[in-house]
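Have a look at the structure below, then the notes.
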Amino acid sequence: MEKSIKVHVKDALQKLYNVDPDDLNIEIEKTREGFEGDFTLVVFPFLKYSKKAPEQTAKEIGAYLRSKMPEIASYNVIKGFLNLVMTQEYWIDKLNYLISTDFSFFKNTGKNIMIEFSSPNTNKPLHLGHIRNNLLGDSISRLIAETGNNVIKVNLINDRGIHICKSMLAWQKWKKDLNPENTGKKGDKLVGDFYVLFEKENKKQIQELIDQGLTKEEAENTPLMQETREMLRKWESNDPEIMKIWKMMNSWVYAGFEKTYSNLGITFDKIYYESQTYLLGKEIVEKGLEKGIFYREADNSVWIDLTNEGLDKKLLLRSDGTTVYMTQDLGTAVQRFQEFNPYLIIYVVGNEQEYHFKVLKKILEKLYPEYAERIFHLSYGMVELPEGKMKSREGKVVDADDLIEEMIQTATEIANENGKVNNLPEEEKSRILKIIALGALKYYILKVDPKKQIVFNPAESIDFAGNTGPFIQYTHARIYSILRKADEMKIKFKGKINSETEIVTKEINLISLLSEYESVVAKAAKNFDPGSIANYVYNLAKEFNQYYHDYTILKEQDPKVLQLRLMLCKQIAATIGKSMNLLGIEVPEIM
RNA sequence: GGUCCAGUAGCUCAGUUGGAUAGAGCAACUGCCUUCUAAGCAGUAGGUCUCAGGUUCGAUUCCUGACUGGACUACCA
């Protein structure tokens, strides 16, 4: 509709003031709360054409639009704002249209879009920081898929390197009799404990060496670290004993991760392991050397000089010929472009790696310009505790599994007080409680702008009332309760709503919100911003709750109005469900 | 030092190509459950949109400069 109004405004300006329509950029806004009208045109930008006062200009345009568009019931002018009031029929037709399209707004683009997220280390259990990453990655995948693209979700697991050897060494030295079966511990937690144990013992050794008079730097080369490095060398030369330990401990960790992912409802299309990709990129380095983009130092290490681009010199190959993170990432990127020809690769990675991705892009620009513009770093803010950063090696983290468990506890307590789920079979009850708990958690994380850092205070629990996931889920359950009762009462509500049906302002507001769904989703997908979906669905739920409070639905006597109300309810529930699904949040029918 | 991000109510956050009276939730206080689910609804109170300039009919929004907080600036990943 806004489009149609825009076209007519263009005509109006052309006819009334002889404006060349090509230099016009017309914006139609929703009329602000507190003013009469549905759509608003700000006429200030057109005064230079009309050479008349704002009021006069607005009136002339208003009169023109009114004469050309039967959907406009009336208009009013306040200062430079032209407010248009649409007819009842317009809004009812709009609702009929929305019901008939069944959310099929987006055509298939045929584009492959790859999104990399999660990317955990195998020596640390998942914590709240990973949850933010996973939820952002999952929700953005859904948004991109919804808007007609083929999404390839990938996870690159960091399963090698010196830090992994630390956990392995701790197990081998001190905990060799432990495994997930005999401890009853999740495998990722167990391995995480080994890592913490290593750091603790290593710290002790450092202190001992300092006490013996070594400098801090010298002291860091502890016997334990020497053993660890020896282990890494053995790993790299495929030592059978070390490989066996490595594979065993990895399998423990993956089983643990899988449980957390499944709890969060997260899946991947492809999992990459760094142990299989870390040698990639060497050929690219050769190519860069040939082209003179990289250079070799006297000690044989390979670098790129980006000081002219406002960055620094960056290492690409160590003096011993081994690769670094950047080399690997170059290799995996090129491999992915060659394998999937993605239109875009999105990396969901924290803002602490902005520099890395800037450099990656620069290098690609020089070597593979056609790929460089197709990578995008979706940088998000860290999740911190009130006392600062979460530190896995010190055990100062908000553990993902524990947090989910706590949320389920809270949801259970609230439901026991006032929920409707208590009479349900135990299995169904716990399924719904989990949906609510995860709804609260996911919404809490996703509603804030990804760029902003989140300070999470474990002492203050995540809310279940107000602007929260459960509030929206509750609204959905309320609507379903009405629809169930309508069914019991044998009320039929199908087909088109009669355009003559009487409609109230609240209903118009709701239809107007429903009709924004398409543009909200399109924009959210374009900006990779799940938060705007969260805001939208919250406003919709809030508006519905007011309507629910002010009007009865099932007791409505006028059959036409009853049909309108039920159809509207159904469409609202569907839109809430769709929107929440884009956030990866399920909606219950009872709660 | 340099680069990037953020700064809006006591707290957590919306507010996107500059538009009318800056909005929610939480916390506080007051009402509303014999009537479709009170995880709800209505109301009271709470603001120098960090500060100072600039651009213009108009700036929370754009520009410049400060201030505050965070991230990065590794032969770790």
Side-chain angles (χ1 to χ4, degrees), chain A residues 25 27 29 31-35 40 42-45 47 54 78-81 83 119 121 156 158 160-164 274 278 297 299 301-303 310-312 314-320 322-326 328-329 350-356 358-359 379-382 384 388-389 411 414-415 417-420 436 440 444 447-449 451-455 457 460 463-475 477-486 489 523 527 529 531-532 534-535 538-539 541-542 545-556 565 569 590-591:
Chain A
N25 184 17
E27 282 306 316
E29 300 165 22
T31 299
R32 212 188 151 115
E33 196 80 26
F35 297 92
T40 294
V42 182
V43 302
F44 290 109
L47 301 185
I78 300 167
K79 292 195 247 174
F81 299 90
N83 299 320
S119 304
N121 275 355
L156 174 58
N158 179 357
R160 66 166 286 278
I162 194 100
H163 48 292
I164 311 297
E274 208 196 295
Y278 81 108
E297 284 281 358
D299 67 358
S301 57
V302 177
W303 298 75
L311 300 165
D312 292 302
K314 191 81 193 172
L315 179 87
L316 288 155
L317 221 51
R318 293 193 187 95
S319 43
D320 62 5
T322 57
T323 60
V324 292
Y325 183 32
M326 185 59 70
Q328 298 164 33
D329 248 7
N351 61 13
E352 57 192 358
Q353 288 191 33
E354 266 168 26
Y355 187 79
H356 170 81
K358 241 184 228 169
V359 173
S379 164
Y380 64 91
M382 297 284 102
E384 297 198 357
K389 259 190 147 172
I414 294 170
E417 266 174 52
N418 48 21
K420 308 279 176 203
I436 296 167
Y444 171 82
K447 77 170 175 179
V448 318
D449 181 343
K451 276 192 303 233
K452 286 191 175 172
Q453 112 176 322
I454 293 181
V455 177
N457 187 347
E460 295 165 15
D463 284 325
F464 283 71
N467 186 356
T468 66
F471 169 85
I472 298 159
Q473 292 171 320
Y474 176 76
T475 309
R478 262 186 159 175
I479 297 174
Y480 261 82
S481 174
I482 295 172
L483 297 178
R484 269 195 305 275
K485 291 218 160 89
M489 292 159 74
K523 203 168 172 184
N527 297 336
D529 177 25
S532 54
N535 278 321
Y538 172 68
N539 286 328
K542 197 171 165 52
N545 278 319
Q546 291 170 5
Y547 174 61
Y548 176 90
H549 184 264
D550 295 346
Y551 297 90
T552 55
I553 290 153
L554 294 170
K555 285 187 183 161
E556 176 55 45
R565 291 190 174 174
C569 282
I590 295 176
M591 71 182 272

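What you are looking at is a predicted structure, and each value in this text was computed from that prediction instead of being measured. Quick note: numbers below take in every heavy atom, side chains included, and nothing from hydrogens, waters or symmetry partners. Reminder, nothing fancy here: chain letters follow the sequence lines and each chain counts from 1.
B:A66 sits 11 Å from B:G1 when the P atoms are compared, rounded to a whole Å. B:G70 and B:A28: their C1' atoms are spaced 32 Å apart (whole Å). The C1' atoms of B:A6 and B:G15 are separated by 16 Å, rounded to the nearest whole Å. Remark: the separation of the P atoms in B:G53 and B:G10 is 24 Å, to the nearest Å. With C1' as the reference atom, B:C62 and B:G19 are 14 Å apart, rounded to whole Å. B:U68 and B:A52 have their C1' atoms separated by 15 Å, given to the nearest Å. Taking atom P on both B:G65 and B:C29, the two are 48 Å apart, rounded to the nearest angstrom. When the P atom is used for both B:A27 and B:C41, the distance is 14 Å, rounded to whole Å.
When heavy atoms are screened at a 4.0 angstrom cut-off, A:Asp449 is found touching the sugar-phosphate backbone but no base atom. As judged by a 4.0 angstrom heavy-atom cut-off over every strand, A:Ile590 is placed among the base-contacting residues. Heavy atoms of A:Thr468 sit nowhere under 4.0 angstrom from any nucleic acid atom. Looking at heavy-atom distances under 4.0 Å, A:Tyr551 makes contact with a base. The residue A:Asn83 sits close to a base: some heavy atom pair falls under 4.0 Å. Nucleic acid contact class of A:Phe44 (heavy atoms, under 4.0 Å, all strands): base. Among the protein residues, A:Lys314 comes within range of no part of the nucleic acid, since none of its heavy atoms lies under 4.0 Å from any strand. At a threshold of 4.0 angstrom between heavy atoms, the contacts of A:Glu274 are confined to the sugar-phosphate backbone, with no base atom among them. Residue contacts shown for A:Val42 include a base, since a base heavy atom lies under 4.0 Å away. Nucleic acid contact for A:Met382: none, since no nucleic acid atom lies under 4.0 Å from a heavy atom of the residue. Among the heavy atoms of the strands lying under 4.0 Å from A:Ala477 is at least one base atom, whether or not backbone atoms are also near. Within 4.0 Å of A:Tyr538, counting heavy atoms only, lie sugar-phosphate atoms of the nucleic acid but no base atom. In this structure, A:Ile436 reaches the bases: a heavy-atom distance under 4.0 Å links it to at least one base atom across the strands shown. A:Lys485 comes within 4.0 angstrom of sugar-phosphate atoms only, judged by non-hydrogen atoms across all strands, and of no base.
Here the side chain of A:Ser481 is nearest to one of B:A42, B:U37, B:C4, namely B:U37. The nucleotide whose nearest atom lies closest to any side-chain atom of A:Tyr474 is, among B:C26, B:A77, B:A38, B:A38. Checking B:U35, B:U16, B:A77 against the side-chain heavy atoms of A:Lys555 singles out B:U35 as nearest. Taking only side-chain atoms of A:Val448, from C-beta outward, the nucleotide of B:A39, B:C13, B:C75 with the closest atom is B:C13. The side chain of A:Val324 sits closest to B:A77 out of B:A39, B:A77, B:G40. For A:Asn351, counting side-chain heavy atoms from C-beta on, the closest listed nucleotide (B:C26, B:A39, B:A71) is B:A71. For A:Phe35, the side-chain atoms get nearest to B:A20 when compared with the rest of B:U37, B:A20, B:A71. The side chain of A:Gln546 lies closest to B:A42 when the candidates are B:A42, B:A38, B:U21.
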Report the C-alpha distance between A:Val43 and A:Phe81 in whole Å, list the side-chain angles of each, state the deciding distance to 0.1 Å, and finish with yes or no for side-chain contact (heavy atoms from CB on, under 4.5 Å).
CA-CA 6 Å; A:Val43 302; A:Phe81 299 90; over 6 Å; no
Checking A:Ile482 against A:Arg565 for the side-chain contact (heavy atoms from CB on, under 4.5 Å) test, could you report, in this order, the C-alpha distance in whole Å, the side-chain angles of both residues, the deciding distance, and whether it holds?
CA-CA 11 Å; A:Ile482 295 172; A:Arg565 291 190 174 174; over 6 Å; no
Walk me through whether A:Leu317 and A:Val324 qualify under side-chain contact (heavy atoms from CB on, under 4.5 Å).
CA-CA 6 Å; A:Leu317 221 51; A:Val324 292; over 6 Å; no
Checking side-chain contact (heavy atoms from CB on, under 4.5 Å) for the pair A:Asn545/A:Phe471: CA distance, chi angles, key distance, verdict?
CA-CA 10 Å; A:Asn545 278 319; A:Phe471 169 85; 3.2 Å; yes
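For the OP1/OP2 pair of B:G25 and a distance below 4.0 Å, the side-chain nitrogens and oxygens of A:Lys542 include at least one atom meeting the criterion. For the OP1/OP2 pair of B:A39 and a distance below 4.0 Å, the side-chain nitrogens and oxygens of A:Gln473 include no atom meeting the criterion. For the OP1/OP2 pair of B:A38 and a distance below 4.0 Å, the side-chain nitrogens and oxygens of A:Arg478 include at least one atom meeting the criterion. A sub-4.0 Å separation between OP1 or OP2 of B:A14 and a side-chain N or O of A:Lys452 is present. Phosphate contact (OP1/OP2 of B:G23, side-chain N/O of A:Arg32, threshold under 4.0 Å): present. An OP1 or OP2 oxygen of B:C76 is reached within less than 4.0 angstrom by no side-chain nitrogen or oxygen of A:Arg160. The phosphate of B:C72 (OP1 or OP2) has no side-chain N or O of A:Tyr355 nearer than 4.0 angstrom. Between A:Lys451 and B:C4 there is no side-chain polar atom (N or O) within less than 4.0 angstrom of OP1 or OP2. An OP1 or OP2 oxygen of B:C72 is reached within less than 4.0 angstrom by a side-chain nitrogen or oxygen of A:Lys389.
Using a 30° and 60° split on the angle between ring planes, A:Tyr325 and A:His356 fall in the parallel class, below 30°.
Residue ring and base: A:Phe471 does not count as stacked with B:A39 (centre distance below 5.5 Å and interplanar angle below 30° not both satisfied).
In B:C33 the O4'-C1'-N dihedral to the base is within 90° of 0, which defines a syn nucleotide.
Taking the side chain as every heavy atom from C-beta outward, A:Ile436 and A:Gln473 approach each other to under 4.5 Å.
The structure places CD1 of A:Ile553 at 3.5 Å from SG of A:Cys569, a figure rounded to the nearest 0.5 Å.
In terms of polar N and O atoms assigned as donor or acceptor, the side chain of A:Ser319 comes within less than 3.5 Å of the base of B:C75 in a complementary pairing. Interface remark: the A:Ser532 side chain does not form any donor-acceptor pair with the B:A14 base, using a distance-only criterion of under 3.5 Å.
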Quick one: the dot-bracket string of RNA chain B, using Watson-Crick and G-U wobble pairs with both distances under 3.5 Å, [ ] for crossing pairs and | for bases paired to another strand.
(((((((..((((.....[...)))).(((((.......))))).....(((((..]....))))))))))))....
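Side-chain polar atoms of A:Tyr355 and A:Asp312 form a donor-acceptor pair below 3.5 angstrom.
Positionally, the nearest nucleotide of RNA chain B for A:Tyr444 lies more toward the 5' end than for the other of A:Tyr444 and A:Ile479. The residue among A:Ile553 and A:Asn527 whose nearest nucleotide of RNA chain B is located toward the 5' end is A:Asn527.
B:A38 atom P lies 9 Å from atom NE2 of A:His549, rounded to whole Å.
Contact detail for A:Ala411 and A:Phe464: the closest heavy-atom pair is CB-CE2, 3.8 Å. For A:Met326 against A:Leu315, the heavy-atom pair with the smallest separation is CB-O, 4.4 Å.
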